[in-house]
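Naming convention: chains lettered A, B, ... in sequence-line order (proteins, then strands); numbering from 1 in each chain.
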Number of protein chains: 2
Amino acid sequence: MAEARGDTRNRILDVALELFNDQGYDATSLREIAERLGVTKAALYYHFKSKADILLELHLRLHDLGDDLLAELDQLPDDQVVAAWPGLVDRFIDAVTENRDLFLVHQRNQRAFEQVINDERHQQANQDIEERFRRVLANDVIPLADRVRMACSIGAVMVGLMGADEIFGDEAAQVVGLVRSTVHELL
Amino acid sequence: MAEARGDTRNRILDVALELFNDQGYDATSLREIAERLGVTKAALYYHFKSKADILLELHLRLHDLGDDLLAELDQLPDDQVVAAWPGLVDRFIDAVTENRDLFLVHQRNQRAFEQVINDERHQQANQDIEERFRRVLANDVIPLADRVRMACSIGAVMVGLMGADEIFGDEAAQVVGLVRSTVHELL
DNA sequence: GTCTATATTTCGATAGAC
DNA sequence: GTCTATCGAAATATAGAC
């Protein structure tokens, strides 16, 4: 029995992602994850060395998605960030649209992600997406008014898109385009 | 000793608010709250009947702040909501500016708030601010494009203002006005 | 890879003295 | 109003059989 390939690991991550989004990371026990998968708690420890390790793996998936965008942002000369922003926001909208649950779990469990990252990785503190993004907005070479617009645009995308399924129901498909044009109006 | 008036209760709430914001509701134990106050865990139970009761009290404070705004919104005829929105957003900005920590703790612990409210209050499910706000955005009498703009405007305010202290440092004071003008551009 | 069984810790909560 | 002491539940994690 069992899954032929290394598939159980992914099923664990899928269930964990769903439960972390519904109930929160702290409020979700390994027992719940195991029961929903029809296995026991101990089985999870064959695939992950700890509960934090599951969250860390979800972080890595998110990290891969945001890495291109943030790397590009980091290498951009300060005086070109504002001009490049609309294009970057469009790609951010695409990423969020295609991976809603993954962005959602990060937004809803920011503190848990931070703790897990800081415990496991003492490398450069360059790992957390939220943290790297924060640094761009704190760059005081860019005019404050522009940075506020940048922050607001991200907020608009997140609230407009991430909760879209719950709020707008079956109209959610049309929402992506509407968010895109709305956000571009303030850039 | 002890505080002359019913002041200890407020000190508990202040410490809890700070820790819930820093670490999250679930990740904060009553032991931590008590230690920071220089009392024991048991003392907390004289002032609150449970941990959830502390969160519930914080919810009530937030509820009072948002109640006027949402009541006004609920009584507004559907075809006047869009026109009234800019004025309501301005008042929302004022409320967030003056009570940043309180709005922050709600945003960062949405699931915990929902569970506490649903457990303690089986009244009308009209208690959670986020929930009532969601219902406005789901009202399909209002054109979808307008509702998306409304959602985006709230997102812009939240990201622009709530994390302002952490992101913008000593420039945070100027941010309020900048967020206000930025958000009005998309309404 | 998954199981049973258990170790260990920590939490929320209560009882009763002061 | 605050303390000491403790209970019971639930969680993470491990050991070892299969």
Side-chain angles (χ1 to χ4, degrees), chain A residues 1-20 22-59 105 109 111-120, chain B residues 1-20 22-59 105 109 111-120:
Chain A
M1 285 305 156
E3 309 307 312
R5 297 164 299 152
D7 215 39
T8 302
R9 184 184 167 89
N10 286 325
R11 291 180 59 223
I12 294 172
L13 288 169
D14 288 342
V15 170
L17 179 57
E18 187 182 336
L19 290 178
F20 292 170
D22 281 355
Q23 309 176 333
Y25 170 76
D26 290 296
T28 302
S29 68
L30 296 178
R31 180 185 50 77
E32 286 177 289
I33 297 174
E35 273 177 7
R36 183 168 297 205
L37 282 167
V39 299
T40 62
K41 232 176 11 171
L44 303 183
Y45 280 93
Y46 174 82
H47 298 278
F48 298 93
K49 78 169 199 285
S50 69
K51 182 185 179 184
D53 202 41
I54 296 178
L55 196 65
L56 197 62
E57 179 61 36
L58 291 176
H59 169 77
V105 78
N109 298 279
R111 286 302 183 273
F113 272 95
E114 284 172 18
Q115 283 168 195
V116 164
I117 292 164
N118 289 340
D119 283 359
E120 304 280 321
Chain B
M1 283 306 151
E3 309 308 314
R5 296 164 300 151
D7 216 40
T8 302
R9 185 183 167 92
N10 286 326
R11 290 179 60 222
I12 294 172
L13 287 169
D14 288 343
V15 170
L17 178 57
E18 187 182 336
L19 290 178
F20 292 169
D22 282 355
Q23 309 176 333
Y25 171 76
D26 290 296
T28 302
S29 68
L30 296 179
R31 180 185 51 77
E32 286 177 289
I33 296 174
E35 273 177 7
R36 183 168 298 207
L37 282 167
V39 298
T40 61
K41 224 177 16 168
L44 303 183
Y45 281 91
Y46 174 83
H47 299 278
F48 298 93
K49 77 170 200 282
S50 69
K51 183 184 180 185
D53 203 41
I54 297 178
L55 196 64
L56 197 61
E57 179 61 35
L58 292 176
H59 169 77
V105 78
N109 299 279
R111 286 300 184 274
F113 272 95
E114 285 173 17
Q115 283 169 197
V116 164
I117 291 164
N118 289 339
D119 282 359
E120 304 280 320

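- A:Glu35 places no side-chain N or O within 3.5 Å of a backbone atom of A:Glu32 that could act as its donor or acceptor partner.
- Within the structure, every side-chain polar atom (N or O) of B:Ser50 is placed at least 4.0 Å from both OP1 and OP2 of C:dG12.
- Remark: C1' of D:dA17 and OH of A:Tyr45 are 20 Å apart, rounded to the nearest angstrom.
- Rounded to whole Å, atom P of C:dC11 lies 8 Å from atom NZ of B:Lys41.
- For the pair B:Leu44 CG and C:dG12 C1', the computed distance is 11 Å after rounding to whole Å.
- Along DNA chain C, the nucleotide closest to A:Ala42 and the one closest to A:Tyr46 are compared, and the more 5′ of them pairs with A:Tyr46.
- Listed here is the closest heavy atom pair of B:Ala34 and B:Lys41: CB-N, 3.6 Å.
- In this structure, the CZ atom of B:Phe48 is 13 Å from the P atom of C:dA13, given to the nearest Å.
- If you measure from atom CD of B:Glu35 to atom P of D:dT4, you get 12 Å, rounded to the nearest angstrom.
- Between A:Thr28 and A:Leu19 the shortest heavy-atom distance is OG1-O, 3.4 Å.
- For C:dT2, one of the phosphate oxygens OP1 or OP2 lies less than 4.0 angstrom from a side-chain nitrogen or oxygen of A:Thr8.
- Contact annotation: A:Thr40 does not reach the phosphate of C:dT2 (side-chain N/O to OP1 or OP2, under 4.0 Å).
- When atom types are taken as modelled, the side chain of A:Asn109 and the backbone of A:Tyr25 share a donor-acceptor pair closer than 3.5 angstrom.
- Rounded to a whole Å, the CG atom of B:Asp53 is 14 Å from the P atom of C:dG12.
- When the nucleotides D:dT2, D:dT12, C:dC3 are ranked by their closest atom to the side chain of A:Ala43, C:dC3 comes out on top.
- When all heavy atoms of B:Ile12 and B:Ile54 are compared, the closest pair comes out as CG2-CD1, 4.2 Å.
- For A:Arg31 and D:dA10, the shortest distance from a side-chain N or O to OP1 or OP2 is not below 4.0 Å.
- Atom C1' of nucleotide D:dT12 and atom CD of A:Glu32 are separated by 14 Å, given to the nearest angstrom.
- Between the CG atom of A:Asp26 and the P atom of C:dG12 there is a distance of 11 Å, rounded to whole Å.
- Picking from C:dA13, C:dC3, D:dT12 the nucleotide with the shortest atom distance to the side chain of B:Lys51 gives C:dA13.
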